2 protein chains.
Amino acid sequence: MSRAEALSPARLKDAAPLFAALGDATRLGLLVSLCSGGPLTVTRLSGQFDVSRQAITKHLDVLAEAGLVKSARHGRERIWTFEPKRLEDAHQYLERLSREWDVALGRLKAFVET
Amino acid sequence: MSRAEALSPARLKDAAPLFAALGDATRLGLLVSLCSGGPLTVTRLSGQFDVSRQAITKHLDVLAEAGLVKSARHGRERIWTFEPKRLEDAHQYLERLSREWDVALGRLKAFVET
DNA sequence: AAAAAATGCAACCAATGGGTTGCATCAATC
DNA sequence: GATTGATGCAACCCATTGGTTGCATTTTTT
């Protein structure tokens with residue numbers, strides 16, 4: 001994500017799918033597992049949830065599409081790893097939103113005190 | 001949201017719908033409008049987007065359900081306002097995730113250096 | 001070479017989501 | 001009190017999503 005500026009429509013179009021990917025409890029669980037449990041395979045991951053392996057695969061695909069995880073084949077297995085960059089993006093988007101809010105509050109305060 | 005601790009399943013169940021509400025470009029646009037443009041009515045808001053008023057109403061309902069906006073009737077109109085608290089929650093969830101990641105990196109580093 | 005393990009692919013299903021249109025209701029104004 | 005404005009409610013539509021099952025493919029391992 002390029003620098004500062006405000007939340008343009010283009011930004012929102014980038015931010016939306018990112019947050020959408022985070023908007024599912026199972027996917028958040030997968031991120032936590034990959035964060036703290038290190039790189040893992042699908043079968044290993046699906047052991048931790050009560051849905052099928054294929055369901056987990058789909059969730060991982062969604063996360064990969066959003067850039068939150070990546071995978072690499074290694075022999076007969078595929079290893080999934082957490083990708084911190086995009087989480088930083090999400091963080092910045094939220095930061096910008098609350099900054100816009102603060103600026104608006106500042107304007108309001110200045111107006112009232114006039 | 002209560003204090004520190006890690007990302008328990010209960011937390012994830014709370015976080016998911018919050019991020020899901022943020023996971024739509026129109027809804028993010030609405031939040032930006034309400035942040036910087038101050039409290040507004042549905043009809044006024046829908047003027048800024050190319051979807052129907054009813055579509056905007058639905059989006060606002062989703063945001064309200066997630067606690068990101070609130071509304072109050074005022075005569076014949078309903079005024080919608082941004083609610084910053086829940087945004088802070090989202091921020092903290094992301095913060096915790098990246099903290100878990102940092103901890104894992106720390107462990108890895110310690111292991112390698114042994 | 002055969003069996004076992006890990007993944008990939010595809011079809012299918014029910015539910016949800018984002019959108020629409022049409023009409024009813026409620027409040028303000030002339 | 002009749003008209004205009006702002007919302008509310010409901011039905012409906014199509015695409016997407018989250019889930020399933022069954023089978024094919026590719027590597028190991030014995």
Side-chain angles (χ1 to χ4, degrees), chain A residues 9 12-34 37-82, chain B residues 9 12-34 37-82:
Chain A
L12 301 188
K13 270 209 205 141
D14 177 62
L18 179 52
F19 287 120
L22 295 170
D24 178 280
T26 305
R27 283 197 292 268
L28 286 176
L30 287 169
L31 286 182
V32 171
S33 288
L34 291 178
L40 288 170
T41 70
V42 197
T43 31
R44 214 130 172 84
L45 279 166
S46 51
Q48 310 179 9
F49 301 86
D50 55 352
V51 292
S52 68
R53 170 180 60 86
Q54 288 83 346
I56 299 293
T57 298
K58 286 192 183 182
H59 281 305
L60 288 171
D61 287 342
V62 172
L63 289 173
E65 189 76 21
L68 287 163
V69 302
K70 81 178 183 226
S71 72
R73 275 216 97 135
H74 226 262
R76 75 176 146 181
E77 30 186 47
R78 173 177 296 280
I79 310 292
W80 295 84
T81 60
F82 177 63
Chain B
L12 301 189
K13 269 207 205 142
D14 177 60
L18 180 52
F19 287 120
L22 294 171
D24 178 280
T26 305
R27 283 198 290 270
L28 287 176
L30 286 170
L31 286 182
V32 171
S33 288
L34 291 178
L40 287 170
T41 71
V42 197
T43 31
R44 213 129 173 87
L45 281 167
S46 50
Q48 310 179 9
F49 302 86
D50 56 352
V51 292
S52 70
R53 169 180 60 86
Q54 286 82 346
I56 299 294
T57 298
K58 284 193 186 179
H59 281 305
L60 287 170
D61 287 342
V62 172
L63 289 172
E65 190 76 21
L68 288 163
V69 302
K70 81 175 182 226
S71 73
R73 274 213 96 142
H74 226 265
R76 73 176 148 182
E77 32 186 43
R78 174 178 296 278
I79 310 291
W80 294 85
T81 61
F82 177 63

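Small disclaimer: the values here were computed from a predicted structure and weren't measured. In what follows, every chain begins at residue 1, and chains take the letters A, B, ... in the order their sequences are listed.
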Asker: Could you check how far NZ of A/Lys58 sits from P of D/dG19, rounded to whole Å?
Answerer: 9 Å

Asker: What is the distance from CD1 of B/Ile79 to C1' of D/dG8, rounded to the nearest Å?
Answerer: 16 Å

Asker: Show your reasoning for whether side-chain contact (heavy atoms from CB on, under 4.5 Å) applies to B/Leu45 and B/Leu34.
Answerer: CA-CA 9 Å; B/Leu45 281 167; B/Leu34 291 178; 4.1 Å; yes

Asker: Identify the heavy atoms of B/Ala64 and B/Trp80 that sit nearest to each other, and give their distance.
Answerer: CB-CZ3, 4.1 Å

Asker: For residues B/Ile79 and B/Leu40, determine if any side-chain heavy atom of one lies less than 4.5 Å from a side-chain heavy atom of the other.
Answerer: no

Asker: Check A/Ala16 against B/Leu28 and note the closest heavy-atom contact, atom names and distance.
Answerer: N-CD1, 3.8 Å

Asker: Using every non-hydrogen atom in the two residues, find where A/Val69 and A/Leu31 come nearest and quote the distance to one decimal.
Answerer: CG1-CD2, 3.7 Å

Asker: On DNA chain C, compare the nucleotides closest to B/Gly23 and B/Gly75; which residue's is nearer the 5' end?
Answerer: B/Gly23

Asker: Grab the two heavy atoms, one from A/Phe49 and one from A/Gly29, that are nearest each other, plus how far apart they are.
Answerer: CZ-C, 3.6 Å

Asker: Using heavy atoms to find the nearest nucleotide of DNA chain D for A/His74 and A/Ala55 separately, return the residue whose nucleotide is more 5′.
Answerer: A/Ala55

Asker: Take the protein atom CG of B/Leu45 and the nucleotide atom C1' of D/dA6, then report the distance between them rounded to whole Å.
Answerer: 13 Å

Asker: Atom CD of B/Gln54 and atom C1' of D/dA11: how far apart are they, to the nearest Å?
Answerer: 13 Å

Asker: Give me the first and last nucleotide of DNA chain C, going 5' to 3', that has any atom under 4.0 Å from a heavy atom of chain A.
Answerer: C/dA5 to C/dC9

Asker: Hey, can you pull the residues of residues 26-33 of chain B with a non-hydrogen atom under 4.0 angstrom from DNA chain C?
Answerer: B/Arg27

Asker: List the steps, then state whether side chain to side chain donor-acceptor pair (under 3.5 Å) holds for A/Arg53 with A/Thr43.
Answerer: CA-CA 6 Å; A/Arg53 170 180 60 86; A/Thr43 31; over 6 Å; no

Asker: Give me the atom names and distance for the closest heavy-atom approach of B/Ala21 to B/Leu63.
Answerer: O-CD2, 4.0 Å

Asker: Check the distance between D/dT27's C1' and A/Arg76's CZ and give it to me in whole angstrom.
Answerer: 6 Å

Asker: Does atom CZ of A/Arg44 have more than 12 heavy-atom neighbours from other groups under 6.0 Å away?
Answerer: no

Asker: Which part of the nucleic acid, if any, lies within reach of B/Arg53 when heavy atoms closer than 4.0 Å are counted: base, sugar-phosphate only, or nothing?
Answerer: base

Asker: If you fit an axis to the five pairs at each end of the helix from C/dA1-D/dT30 to C/dC30-D/dG1, how big is the angle between those two axes, to 10 degrees?
Answerer: 20°

Asker: Please classify the nucleic acid contact of B/Thr57 as base, sugar-phosphate, or nothing, using heavy-atom distances under 4.0 Å.
Answerer: nothing

Asker: Can you tell me how far P of D/dG19 sits from CD1 of A/Ile56, to the nearest Å?
Answerer: 8 Å

Asker: Can you confirm whether B/Val62 sits close enough to B/Leu68 that some side-chain heavy atom of one is under 4.5 Å from a side-chain heavy atom of the other?
Answerer: no

Asker: Select one nucleotide: of D/dT27, D/dT20, D/dG8, the one nearest the side-chain heavy atoms of B/Arg78.
Answerer: D/dG8

Asker: At 4.0 Å (heavy atoms only), tell me whether A/Ser52 reaches a base, stays on the sugar-phosphate, or touches nothing.
Answerer: base

Asker: Would you say A/Gln48 has more than 12 foreign heavy atoms packed within less than 6.0 Å of its CD?
Answerer: yes

Asker: Hey, does B/Val62 reach any base, or is it just sugar-phosphate, or nothing, if we go heavy atoms under 4.0 Å?
Answerer: nothing

Asker: Please give me the minimum heavy-atom distance between B/Arg27 and B/Ala20, naming the atom from each residue.
Answerer: NH2-O, 3.3 Å

Asker: Once you round it to whole Å, what is the distance between C1' of D/dG18 and CG of A/Asp50?
Answerer: 13 Å

